[in-house]
Amino acid sequence: MNFFAAMADSIRQSLTPCILCHSPSRYGLCQACQDQITNTQAPRCHRCGNLLTQAVQSSELLCGDCLKDPPAFDATVTVTDFVPPVDQMVHMLKFQHRLAVAPVMGRLLYQAMTARHIQPDLLTAVPLSRERLAERGFNQSHEIARTLGKLLKTAPQRSLLHRIRDTERQSDIALQARKKNVHQAFAVSDEGKTLVKGRHIAVLDDVMTTGSTLDEVAKVLKQAGASQITNLVFARTPKHLTGNTYV
Ligand SMILES: [Zn+2]
Ligand SMILES: [Zn+2]
């Protein structure tokens, strides 16, 4: 084998099939699929990540809901809307346990957050209930946070937050009932209380739908003294599918 053939062979070997279309890719997602996922040009609300329409667009890029009733978090970074084929990626990770999808999501989130110059002091993920963790065997948001942590050179904090009571699966209950479902479901751990004071915390979740879970998490972190909360969510359910954002 000559030098060029050996080089071509080693490049081929370093490629992995795209998780969506199986064509060769460097990090598990080919450029065409990545472009399809990230090509939304419309501006998003800086605070909640919803796409802004012309009518509600303000100079600060805040949506009407955030202007009227600001959530506890300060910003939301999202890669994409939760629409096909993104729903497939989330399904592969959560329900088919294809853990190779998590680094792909983590890398895309890293690109989205660096584009916005977000530089958190600490990184953590929304904890699962003990019951859900036992059922699934892993926390998908922690898995995404691991890749992000490597790229940010900040190890994710696994024990900053606790779920203090089991809640119904948010996807199983009506959108209007979700806020009540997660009310007082989280607490900052004793270790977390010493870490979060005056710090900018990034909270990772795979999908943000109504925003109730992340609002509740941000509330407890702020109560414990965190100065700033940025949500990092892989996909955002478009507002027309959720109705009012913080119901
Ligand atoms: Zn592809
Ligand atoms: Zn908003």
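When a ligand or atom number is given, it counts from 1 through the structure's own listing order. Just so you know, these numbers come straight off a predicted model, no measurement behind them.
- Phe186 and Ile164 sit in two unconnected hydrophobic clusters of ILVMFWY residues. Membership requires side-chain heavy atoms under 4.5 Å apart, directly or through other members.
- Salt-bridge formation is not detected for the pair Asp205/Arg236: no Lys NZ or Arg NE/NH1/NH2 atom is positioned less than 4.0 Å from an Asp or Glu carboxylate oxygen.
- For Phe138, the ring pair (Phe, Tyr, Trp, His ring centres under 6.0 Å) test picks out His97, with sequence neighbours left out.
- With the Zn ion (ligand 2) as the vertex, atom SG of Cys45 and atom SG of Cys48 span an angle of 110° (nearest 10 degrees).
- Computed with the Zn ion (ligand 2) at the centre, the Cys63 SG to Cys66 SG angle is 110°, stated to 10 degrees.
- In this structure, Val220 and Val188 approach most closely via the heavy-atom pair O-CG2, 3.5 Å.
- Judged by a 6.0 Å distance limit and a 45° cone about the ring axis, Arg107 is positioned over the six-membered ring of Tyr27.
- Distances under 2.8 Å from the Zn ion (ligand 1) pick out the protein N/O/S atoms Cys18 SG, Cys21 SG, Cys30 SG, Cys33 SG.
- Hydrophobic side-chain contacts under 4.5 Å tie Leu128 into a cluster, directly or through other members, with Leu133.
- Under the salt bridge (Lys or Arg N to Asp or Glu O under 4.0 Å) criterion, Arg199 pairs with Asp121, not counting sequence neighbours.
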